[in-house]
Structures are given as structure tokens and as C-alpha cells.
Amino acid sequence: MTPSVATKPDESDRLRELAGERYRNDQRLEGRWNETVDTLLSHRSVRHYLPTPVPYEAVELAIAAAQSAPSSSNLQAWSVVAVEDADRRSRLNAVAGNQRQIAQAPLLLIWLADLARPRAIATERGSTAEGLDYIESFLLGVIDAALAAQNAVVALESLGLGTCYIGAIRNDAEIVSRELGLPDGVFPVFGLTVGFPDPAVPAGVKPRLPQTTVLHRETYGRQLPQEDLTDYNRVLQSFQGEQAMPLVDWTDQVLSRIATVESLKGRHVLGDVARRLGFKLK
């Protein structure tokens, strides 16, 4: 039997602190602390940035981290466009509803599901590439892009940079596609602002649902845990107050986001848009 290794007191204290920030309940985190876990559990969306440019070497390290993410069948069916030009960022921001973080951040990364590259390889070799015409391949590209982007986020945050995902890029994927000169078979999945956080407006660690809500063992089988949701509404409103945000129950936020077609802000037509951008989605 392998003897257990005692966790250092300072590591236990740090895990307790991280759990307290992320959950604000009695959730305990056991095991060994390390810098990677610390970076992951300390994640926060940064919406206020300094104008300092993002160092080029930091971008290259982030892309190397992105390329180190898993890729289905190693197809690597993603690409990314780095946008620093202020005018181009402004035009993209108009699609996203003119968000403060896009206006402030010196760098906007647009992550792409890219089936144009495998299509071009197939064309060169006289193949029909029929497999690319199915929803599975579109999902493959989207998932690859998401995995790559999250690896980049962790790398960037470990370097002292801040990030914020921008799903509103999908409000009008065709405009984004034209702005970036995307070929058929390439779809803008989301944006990511990158920059040095403004210390005058610190971002907080947003509390998440209790693990008892999201962690299932063996089978899904549980009913909706109303007590967990009530507690989480309270916890999240506390965070919102600290960050000078509107006080909104999380359950109300969920309902608002999915209540009507209008709630999707133009994204209800993404299937048709994807087809116009070269995806058959059989």
C-alpha cells in the first residue's frame, strides 16, 4: 500500500481560499495544490484593460498552448485570426453589440472552426471529402476550436494577461466572415479579448453552481436540486453586488436567455448562415 503524502499546510490554506472564491459555500478541495490548478481555479472574465499592447511572444506562447490541446483524429480543424487594428475591432464590436471589453482590449482573437484546410487537401488529391458535409464534421471543428481556445486562455492568464470570451461574434457570422476574409468552410465560433487587466477595476472570481448540482456519478438520475439553485441565487447576487452589477437571480437569467427567439439575438438562424458559409450540415 502506497503511503499517503501529507499536504503542506500552506497548500491546504490556498485550496481552501480557491474553493471559497469559486463556490462561496462549504465545498472543500482536497489534494495537492500546484500553479496550474491555481491558474485554472482563479479564472475570471476581464472586461477592463490597460492600453498596453499584448507582447507578440505571449501570443505565440498562447497559440502553442492552443495547439497542444487535444484534436479529434488530429485533424486540427481550427484556426484563429488575431485582430489588433482598432478600426477592424470596432467593426467587429458593432456585431457584438459594442461591448466595452472589445473597445478596450488591444487584441481580439477570433476562433474559427476550419474545414477549408481539410477540404483543400482533399481537393488537391481528387477526393470528394463527403465526410465534411455532415454535422459531425462541423461539431468537430467547433469543439477543436473551443479546446484550443481554452488552452490559450490558461496560458495567457498564467502570463498575467486577462481574457473574456465573446460569443456575440455569432450575432452576425456573415459580417464577421466578410470582415476577416474567411473562405467557404470556415465559421467564426467566438471571440476572445486579451490584454493586461486594469488594476483600478479588478475583476472578481464569479461563483459557480455547487458541485452537487453538476457532478453526477454513474447515471444522471437526480431531480433538479431546488435548494442548490436557491443558495446559488443568493451567492451570485452577493457577487453581483460586490462587482456593481445588476442584481439578477441566476435562474431568472437562464429563463431570460432562453425564453424567446429574440433572446438569441439573431443566432436562431445560425444553421442557415453556416450553410451559406459553405457547411452542408447533413
Side-chain angles (χ1 to χ4, degrees), residues 42-63 65-66 78-113 145-146 148-182 186-206 236 239-248 253 256-257 262-267 270 273:
S42 300
H43 167 73
R44 63 207 66 200
S45 293
V46 174
R47 294 180 171 85
H48 297 269
Y49 297 93
L50 299 175
T52 310
V54 177
Y56 191 74
E57 58 269 23
V59 177
E60 290 188 329
L61 281 172
I63 299 306
W78 64 273
S79 292
V80 61
V81 177
V83 179
E84 295 178 295
D85 180 77
D87 290 338
R88 177 165 284 115
R89 280 192 292 113
S90 180
R91 291 191 293 271
L92 292 170
N93 198 6
V95 172
N98 294 311
Q99 298 187 33
R100 176 185 59 242
Q101 56 266 37
I102 300 177
Q104 286 190 358
L107 174 63
L108 175 64
L109 299 176
I110 306 294
W111 296 86
L112 311 167
Q150 186 56 28
N151 258 29
V153 164
V154 176
L156 290 163
E157 291 180 350
S158 76
L159 298 172
L161 289 151
T163 64
C164 184
Y165 281 106
I166 307 294
I169 285 297
R170 298 189 301 277
N171 287 356
D172 197 324
E174 289 179 289
I175 288 179
V176 173
S177 180
R178 289 195 296 271
E179 180 65 44
L180 300 180
L182 304 182
V186 179
F187 186 86
V189 182
F190 46 73
L192 184 75
T193 56
V194 183
F196 289 99
D198 185 347
V201 193
V205 173
K206 184 178 291 185
L236 191 59
F239 168 80
Q240 291 164 345
E242 293 167 7
Q243 296 290 306
M245 300 168 65
L247 302 182
V248 182
Q253 181 182 338
S256 174
R257 181 64 177 79
E262 288 74 23
S263 304
L264 297 178
K265 299 180 179 179
R267 299 178 222 176
L270 280 181
V273 170

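What you see is a predicted model, and the numbers here were worked out from it, not measured in a lab.
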What is the minimum heavy-atom distance between [X] and [Y], and which atoms define it?
X: Ser256; Y: Ser263; result: O-OG, 3.0 Å
X: Ala96; Y: Ile102; result: CB-CD1, 3.7 Å
X: Thr52; Y: Pro106; result: O-CG, 3.3 Å
X: Trp78; Y: Ala66; result: CH2-CB, 3.7 Å
X: Cys164; Y: Val46; result: CB-O, 3.3 Å
X: Phe187; Y: Leu270; result: CZ-CD2, 3.9 Å

Interatomic spacing from [atom1] in [X] to [atom2] in [Y] - rounded to 0.5 Å:
X: Leu192; Y: Ser45; atom1: CG; atom2: OG; answer: 9.5 Å
X: Asn93; Y: Asp87; atom1: CG; atom2: CG; answer: 12.5 Å
X: Leu236; Y: Lys206; atom1: CG; atom2: NZ; answer: 7.0 Å
X: His48; Y: Gln104; atom1: NE2; atom2: CD; answer: 6.5 Å
X: Ile110; Y: Ser177; atom1: CD1; atom2: OG; answer: 11.5 Å

Any side-chain heavy-atom pair of [X] and [Y] under 4.5 Å:
X: Leu92; Y: Leu180; result: yes
X: Arg170; Y: Val95; result: no
X: Pro188; Y: Leu182; result: yes
X: Ile169; Y: Trp111; result: no
X: Val205; Y: His43; result: no
X: Val154; Y: Glu157; result: no
X: Leu264; Y: Arg257; result: yes

(request) Start with the C-alpha gap between Thr193 and Arg47, add the side-chain angles, then the distance that decides, and say whether side chain to side chain contact (heavy atoms under 4.5 Å, CB included) holds. (result) CA-CA 8 Å; Thr193 56; Arg47 294 180 171 85; over 6 Å; no
(request) Applying side chain to side chain contact (heavy atoms under 4.5 Å, CB included), run through Ile166 and Gln101 and close with a yes or a no. (result) CA-CA 9 Å; Ile166 307 294; Gln101 56 266 37; 3.9 Å; yes
(message) Working note: Leu161 + Phe196, criterion side chain to side chain contact (heavy atoms under 4.5 Å, CB included); need CA distance, chi angles, decisive distance, verdict.
(response) CA-CA 5 Å; Leu161 289 151; Phe196 289 99; 3.8 Å; yes
(message) Working note: Val81 + Val83, criterion side chain to side chain contact (heavy atoms under 4.5 Å, CB included); need CA distance, chi angles, decisive distance, verdict.
(response) CA-CA 6 Å; Val81 177; Val83 179; 3.9 Å; yes
(message) In terms of relative ring orientation, are Tyr165 and Phe190 parallel, tilted or perpendicular, with 30° and 60° separating the classes?
(response)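 Because their plane-to-plane angle is over 60°, the rings of Tyr165 and Phe190 count as perpendicular.
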Indicate yes or no for a side-chain donor-acceptor contact from [X] to the backbone of [Y] under 3.5 Å, with no hydrogens or angles considered.
X: Asn171; Y: Gly266; value: no
X: Arg44; Y: Pro202; value: no
X: Ser158; Y: Ala155; value: yes

